[in-house]
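Written below as structure tokens is the structure these notes are about.
Just so it is clear: chains get the letters A, B, ... in the order the sequence lines come, proteins before strands, and each one is counted from 1.
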Amino acid sequence: MKTTDKFFIGLLLFGAVWLLLAPSKPELKEIPLKDLVQEATQYDRYVSTDEVAKAIMSNDPSVILIDVRSPEAYKKYTLPGAINIPVDSILNDQYADYVNQDVYKTVFFSNGSSEANRAWSICASLGYKNNYVMKGGLNEWIRTIIRPEKPAEWSSEGDFDLYEFRKGASRFFGGANASGSAEPAAPAPAPRPIAHKKKKQAAAGGCE
Amino acid sequence: MGPLFPQGLISEPLNLLIAFIIGIGFGIGLEAAGFTNTRKLAGVFYGYDFVVLKVFFTAAMTAAIGLFLMDAYGLIDIKLTFYPHTYWIPTAIAGVIMGLGFLIGGFCPGTSVCAATTGKIDAMMFVVGVFIGIFFYAFTYEPLFETLRGTGKMGQVDIAEWIGISDGLFIFIVTVIAVASFVIVDKIQKKVNSKGKIKDIEELGL
Amino acid sequence: MSDRKNKYMNPYLAGFIIGLMLIAAYYFSGEGLGGSGAFKKVVIASVDAVAHDYAKDAAYFAPAVNRGESPLNSFLIFEILGVIAGAILSAAYFGRLSFKLGKGPNITNKTRLVAAVFGGILWGIGSQLGRGCTSGLVMSGMAVNSLSGYVGLIAIFGGGYLFAWFLRKLWL
């Protein structure tokens, strides 16, 4: 074996030993977003505002909405029926029945998505199942449900159906399209669980 | 902190320029190691030339050690890269197809590009074959491959986490296996070549 | 000049250089090094140019075509352009820049060329089904401890050794 060979092989071994002795990463980075136990890719994490609206309107008993913002923000505005668990206290024992269970679907939401994502990641890293994030948070909620926009004329039929649903939902939640009382009696049809769509993922990076 | 482009820390034109420069280094490494010589590549399956195994394992382990060291010291967050999704069934089937393709065609796509552009006529035919293969796949995707491609889905799986050991320990074990194999294949290569049956051995630079 | 004619670089040094490039690819762009990815993008771009109406609805082409950006404007394409430049530089330095046909010593040129096309076809199909080739799937996968990289490693080299004995006439 030549000297050059020995040098590079030695370098590899040195690096491997160094890596073995290197400090483990700080806690925050070790939250595995792709936790095997969860068997979830990030595409299974989100539910849309429309799905949440449907669940509220149908009084779906299998869905629990959790507002992960601060108590002050929660008092000012939240979704009907939501309970408040600030993200920093998500692991408190008193809330364990909500976040670590296999009966209900819990949906986290915040103003945008980031705090809810944090709550979700913490739970996922501990192997808790049945947790979801409302995509886009309350901002998206206002944009799509409370003040839905009429789709452009050339939009597909599906878009118009969605718009009709949102207009109805907007009236239900007392939004901009409300014509009359903002507090309709909650109807109670058969419970319907949230169907979380598996989106086809676009080819991203790599050699695919 | 890396990766820079996915976090919007460098612009797209700069990213493409860097891609080009990285490609130059990759191309020099492949050509200079002899990967445009199809006999050197096939040697790994017949024991007369193990350059593929040496270059391949050195490259993979250098990168793994470097990346996880950078990850440990906070210079890069590996979880933010386009981390590969594992679909073990199509990957295993496709791997066997590619293994067969390696023995029949004598290249893999990356090496064939180097070989074809430096004048190897067999590599040019190989490149033509790759295009035919991708066209075939693309136009028969829905009836033949779409279902199979999505089977065995496991998400973005880290093999060390999957086994249940730390990344560092896993890489250390693979590095030790690689180094042991370097020593063993040198012995095999000497033995095979001492029988003196390899024609035109000077072409292989052994 | 003559002392470097048709010499090869130390394999561990070559591997080390490729490894550094792989680190750089992940650090700057978050991507691995690819071989077959560029082929795929060329196929997609050419089909899109000739038959856009077909491509925008076909399951294989649609995700890339409907993104509104040319598939050629990507990391993998520029990386492969660099690979070509690097290979030519290196081949010129080592005096290997000439038309030549590489093959096993006991087969005809025609056999070799037909086999090369068939091997290429298998790689074309395999790299698409398996989400990458030796570079993008296995080497880049191993660099980040991805399970898929190791599945690919075992399958490609295991498959190779499985068929090696039957195909020995091509190479020995």
Given heavy-atom pairs under 4.5 angstrom as the criterion, report whether the side chain, backbone, both or neither of Val114(C) touches chain B.
neither
Interchain contact, Ser74(C) with chain B, by part (heavy-atom threshold 4.5 Å)
backbone
May I ask you to test the Leu129(C)-Tyr137(B) pair for a side-chain heavy-atom distance under 4.5 Å?
yes
Contact part of Phe170(B) toward chain C, heavy-atom cut-off under 4.5 Å: side chain, backbone, both or neither?
side chain
Distance-minimising heavy-atom pair for Phe45(B) and Phe157(C)
CE2-O, 3.9 Å
Can you tell me how far apart OH (Tyr8(C)) and CG (Asp49(B)) are? Round to the nearest 0.5 Å.
8.5 Å
Ile18(C): which of Thr58(B), Val55(B), Thr62(B) passes side chain to side chain contact (heavy atoms under 4.5 Å, CB included):
Val55(B)
Sorted by chain and residue number, the side-chain hydrogen bond (donor to acceptor under 3.5 Å, both in side chains) partners of Thr86(B) (sequence neighbours excluded) come out as none
Checking ring-ring contact (aromatic ring centres under 6.0 Å, His included) for the pair Tyr26(C)/Tyr83(B): CA distance, chi angles, key distance, verdict?
CA-CA 10 Å; Tyr26(C) 270 113; Tyr83(B) 200 89; 8.4 Å; no
Which distance, rounded to the nearest 0.5 Å, do you find between the CG of Asp158(B) and the CG of Leu147(C)?
9.0 Å
Find out whether the Lys NZ or Arg CZ of Arg168(C) is both under 6.0 angstrom from the six-membered ring centre of Tyr46(B) and within 45° of the ring's axis.
no
What are the two closest non-hydrogen atoms of Phe131(B) and Val42(C), and how far apart are they?
CE2-CG1, 3.9 Å
